[in-house]
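None of these values were measured; they are calculated from a predicted model. The residues of the chain are indexed from 1 along the displayed sequence.
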Amino acid sequence: MKKSRIFTCALILFLFFGFLIYKLADIQLLSAENYGKESVNLLKRSVEQRSSEISLSSGRGIFVDNEKKPFNNVLKNDIVLFPFIQLLDLPDSIQLEINSLDTHWQSKLEQEKEPIYLSELVGHEISNKLYEMVKEKSIPGIIAVERTISSDPLVASHAIGIVRENEEEYYARYEKSVDQSKSMPIGISGLEKAFDSFLVSTNDETLKYHVDAMGNPLLGLNLRYQGKGDYFYPVKVQTTIDSTIQQMTEQVIDNYQMTMGGLVLLDIETRKVLAMTSRPKIDEFDPFKDDTLENQMLTSHFPGSVFKTVVAAAAIEKSPLSIGKQYDCNNNLYGDGTGDRTLGILSFEESFSLSCNYTFGEIGKELLNNDKEMLEKYSEKLGLIGPVGWSGDVYHFENFSQFPEEEQGRIWGNEQDPYVDRAIVQTAIGQKEVKVTPLAMANMMVTIATNGVNGQVRIADKILYNNDSTMLKFEPKLLNQETMIKKETALYLKKLLVDVVENGTGQQLKGLEVAGKSGTAETGRDGKSHYWFAGFFPKDKPKYALVVVDLNQTNGNSKHYQIYREVVVNLKNGVTNINDTKNALH
């Protein structure tokens, strides 16, 4: 009996130690690089436990303007200080130079447990003189480095977008392709979100250093740079935005204290976005608060009378009799009473210039009697409905979009509206359920300015490797000529748009060589309205298409005409310093 117990205990001990030996062998030899259910790389983790690091760059790709100037990344010289550097005797020249920044820097450093940038410790930029001195001396524990500072873009923030930490979303996007133990910042809006898969980092740039059992740096061992010197990554996305023009437009809008709205400026020849400004500004601390992250230039809004341009195009091509009539513009929209404005008997051209609602309500009914889809067809022909942003297959991305947040416009609220006269006339003047984006409105103006040629709008021109060689170029995309308005129609529309400024509702812009259409749309909310002006200039040889929209204004307090005028004058005179604007205006 006693021998049996001894045998049992011995067997248990044998099995126990056998299991331990197996687990040690599994950890050290068999599964060192792929251990457990989560396939942990134990070798990599052991190195991480014996070392620490300070980040020099997130390794994320960046956005640059049309001249390759970064929007939100700045390369600057700095100095890394290890916590116990105060125990070493620094050369007097370096000691004096740091003391000139902050005489208490050493006592502050004593409070730090990990290496820190000198600029962050003292709250000042580091002089080139100090940087070169430290770099030349090669003193252990104080290292001169180049670091990349990333921040939210100071201009074009809605267009470029912002980056934030979101571990759950990161792994949801990249679960199958991620081969690292920590998540990286991701784009949550704008181009940062659209191009995130090209930009997201898997190889940040760091300065690694070994630590002892207490986590203190071992200064006697070599420091190691990681993630540096790659000619291809991270990539750069070259946008079409002219940052100088962008900054000017933002200053103009802010000078007039626009609270909600913005502008879009397109190059007519290339259909590239030169500037895109949205207000309110993004709340950097809580970007989702009050929808500040929403780009109003990609959001659909009631367009008001600017939509009469679509009705005019349809009438020119499909209802020639209607453009030869005279209209009693003393009538209200429905023709059952006197209107708010009594304009008298007007021709089609005069009705467009002075924005007579009754005329376009009548034309709208006539058009819909012939074809219930007439307004939708001509909205598409003019490049208004959207989405109008560049899209197409890019590598393994099908139908990749440069503007994934762009809303699609709409004409009708339901299937019955095209059969109801009151709904038709409201729709014909850009009210009821009509909604379009400012980007699409600008695209319509480009279509007219180019004699009916319709195409997609680009805000990204190229994806560049880190060495500036081209990975991918986004070529312009035009639509089938069969889906476009006739050249003669476009020329007629140009004439109408010119007359709006010369003799009609847009006379506040008279003398600026602008052609365009104004619009005021009632929102039905607390007496608030949207105020638009959409057009192109110079009128004879169009170069720019510009849309300004002031949203949710009350009592006609909009400054959209003043903003439009100032931007046009600045572009005409090459003014980029907004302080010189007054001189340019006179």
- prompt: Going by distance alone, is a donor N or O of one side chain under 3.5 Å from an acceptor N or O of the other, for E294 and T299?
  reply: yes
- prompt: When rounded to the nearest 0.5 angstrom, what distance separates CD1 in I323 from CZ in F348?
  reply: 6.0 Å
message: Test salt bridge (Lys or Arg N to Asp or Glu O under 4.0 Å) on K272 and D461; report intermediate values, then the result.
response: CA-CA 8 Å; K272 293 179 179 180; D461 191 32; 3.7 Å; yes
- prompt: Quick check: does any side chain N or O of E192 sit under 3.5 Å from a backbone N or O of I186, one acting as donor and the other as acceptor?
  reply: no
field: Q296 versus H301, side-chain donor and acceptor atoms under 3.5 Å
entry: yes
- prompt: Can you find a pair of side-chain heavy atoms, one from F63 and one from F195, that are under 4.5 Å apart?
  reply: yes
query: Do T249 and T277 have side-chain N/O donor and acceptor atoms under 3.5 Å apart?
result: yes
- prompt: So, T523 side chain and K528 main chain: donor-acceptor pair closer than 3.5 Å or not?
  reply: yes
query: Quick one: is the NZ or CZ of K477 closer than 6.0 Å to the six-membered ring centre of W390, and within 45° of its axis?
result: yes
task: Give the C-alpha distance, both sets of side-chain angles, the deciding distance and a yes or no for ring-ring contact (aromatic ring centres under 6.0 Å, His included) between Y492 and F352.
output: CA-CA 12 Å; Y492 198 151; F352 188 87; 9.4 Å; no
- prompt: What distance do Y561 atom OH and L509 atom CG have between them, rounded to the nearest 0.5 Å?
  reply: 6.5 Å
- prompt: Hey, what do you get for CD (E376) to OG1 (T427), rounding to the nearest 0.5 Å?
  reply: 10.0 Å
- prompt: Can a donor-acceptor pair be found between the side chains of Q247 and Q251 at a distance below 3.5 Å?
  reply: no
field: Backbone N/O of G504 and side chain of Q507: donor-acceptor pair under 3.5 Å
entry: yes
message: Working to the nearest 0.5 angstrom, can you tell me the gap between L265 CG and L571 CG?
response: 6.0 Å
- prompt: Is the backbone N or O of M484 less than 3.5 Å from a side-chain atom of N454, with the two atoms forming a donor-acceptor pair by type?
  reply: no
- prompt: Does D242 reach the side chain of D65, with side-chain heavy atoms less than 4.5 Å apart?
  reply: no
- prompt: Can you name the nearest heavy-atom pair linking A521 to P303, along with the distance?
  reply: CB-C, 4.0 Å
message: Restricting to non-hydrogen atoms, name the atom on L343 and the atom on L346 that form the minimum distance, rounded to 0.1 Å.
response: O-CD2, 3.6 Å
- prompt: Taking everything shown except K494 itself, do over 12 heavy atoms lie less than 6.0 Å from its NZ?
  reply: yes
No-hydrogen, no-angle side-chain donor-acceptor test under 3.5 Å, S351 and T359: yes
message: I need the minimum non-hydrogen distance between I485 and G452, along with the two atoms involved.
response: CG1-CA, 3.7 Å
L354 side, atom CG; C356 side, atom SG - distance, nearest 0.5 Å: 8.5 Å
task: List the steps, then state whether side chain to side chain donor-acceptor pair (under 3.5 Å) holds for T505 with S518.
output: CA-CA 7 Å; T505 56; S518 59; 2.7 Å; yes
- prompt: Do D550 and Y256 have side chains that get closer than 4.5 Å, going by heavy atoms?
  reply: no
- prompt: Between R279 and E250, is the closest basic N to carboxylate O distance under 4.0 Å?
  reply: yes
field: Taking every non-hydrogen atom, the tightest pair across S157 and I282
entry: O-CD1, 3.8 Å
task: Answer yes if the side chains of Y378 and E317 hold a donor-acceptor pair under 3.5 Å, and no otherwise.
output: yes
field: Side-chain heavy atoms of V388 within contact of L439, under 4.5 Å
entry: yes
task: Taking atom NZ of K473 as the centre, report whether more than 12 heavy atoms of other residues, nucleotides or ligands fall under 6.0 Å from it.
output: yes
- prompt: Just by distance, with hydrogens left out, do D283 and T292 show a side-chain donor and acceptor under 3.5 Å apart?
  reply: no
field: Donor on one side chain, acceptor on other, R410 and S379, under 3.5 Å
entry: no
message: Would you call the rings of Y395 and F198 parallel, tilted or perpendicular, taking 30° and 60° as the class edges?
response: tilted
Ring centroid separation H560 to F533 under 6.0 Å: no
- request: Step by step, work out the side chain to side chain contact (heavy atoms under 4.5 Å, CB included) result for F537 and K543.
  value: CA-CA 6 Å; F537 56 95; K543 183 177 180 181; over 6 Å; no
- prompt: Strictly by modelled atom types, are Y544 and E269 linked by a side-chain donor-acceptor pair under 3.5 Å?
  reply: no
query: What heavy-atom pair brings M471 and V235 nearest, and what distance separates the two atoms?
result: CE-CG1, 3.5 Å
field: Main-chain N/O of I459 paired with Q402 side-chain donor or acceptor, under 3.5 Å
entry: yes
message: Under a 3.5 Å distance rule, please check whether Q246 uses its side chain to pair with a backbone N or O of M276 as donor and acceptor.
response: yes
message: I want to check something: taking the side chain as every heavy atom from C-beta on, are R164 and E284 in contact at a cut-off of under 4.5 Å?
response: yes
query: Can you find a heavy atom in the side chain of L546 that is under 4.5 Å from one in the side chain of V548?
result: yes
message: Within a 6.0 Å radius of atom CG on N557, are there more than 12 heavy atoms belonging to other residues, nucleotides or ligands?
response: yes
- request: Please check if the side chain of S401 supplies one atom and the backbone of F403 the other of a donor-acceptor pair under 3.5 Å.
  value: yes
- request: Can you establish whether the number of heavy atoms outside K559 located under 6.0 Å from its atom NZ is more than 12?
  value: no
message: With side chain to side chain contact (heavy atoms under 4.5 Å, CB included) as the criterion, how do V134 and L118 come out once you've worked through the C-alpha distance, each side chain's angles and the decisive distance to 0.1 Å?
response: CA-CA 12 Å; V134 172; L118 179 57; over 6 Å; no
message: Between S529 and Q553 (side chain of the first, backbone of the second, donor and acceptor by atom type, cut-off under 3.5 Å), is there such a pair?
response: no
query: For the side chain of S353 and the backbone of D499, is there at least one donor-acceptor N/O pair under 3.5 Å apart?
result: yes
message: Between Q238 (side chain only) and N66 (backbone N and O only), is there a donor and an acceptor less than 3.5 Å apart?
response: yes
- request: Check the side chains of R341 and N357 for a donor-acceptor pair under 3.5 angstrom, ignoring hydrogens and angles.
  value: no
statement: Output for pair (S189 OG, I160 CD1), nearest 0.5 Å, gives 10.0 Å
field: pair L384-N443: side-chain heavy atoms closer than 4.5 Å
entry: no
- prompt: Does the side chain of K308 pick up a donor-acceptor pair with the side chain of S355 at under 3.5 Å?
  reply: yes
- prompt: With distance as the sole criterion, is a donor-acceptor pair present between the side chains of T483 and E380 under 3.5 Å?
  reply: no
message: Please determine whether side chain to side chain contact (heavy atoms under 4.5 Å, CB included) holds for the pair W532 and F307, giving the CA-CA distance in whole Å, both sets of side-chain angles, and the decisive distance to 0.1 Å.
response: CA-CA 11 Å; W532 296 72; F307 187 73; over 6 Å; no
message: For a side chain to side chain donor-acceptor pair (under 3.5 Å) check, start with the C-alpha distance between R271 and T447, then their side-chain angles and the critical distance, and finish with the verdict.
response: CA-CA 9 Å; R271 251 186 179 88; T447 299; 2.7 Å; yes
- prompt: Is there side-chain contact between E522 and Q431, with at least one heavy-atom pair below 4.5 Å?
  reply: yes
field: Step-by-step side chain to side chain contact (heavy atoms under 4.5 Å, CB included) determination, V549 to L551
entry: CA-CA 6 Å; V549 57; L551 301 171; 3.4 Å; yes
- line: On a heavy-atom basis, the closest approach of A312 and L493 is CB-CD2, 4.0 Å
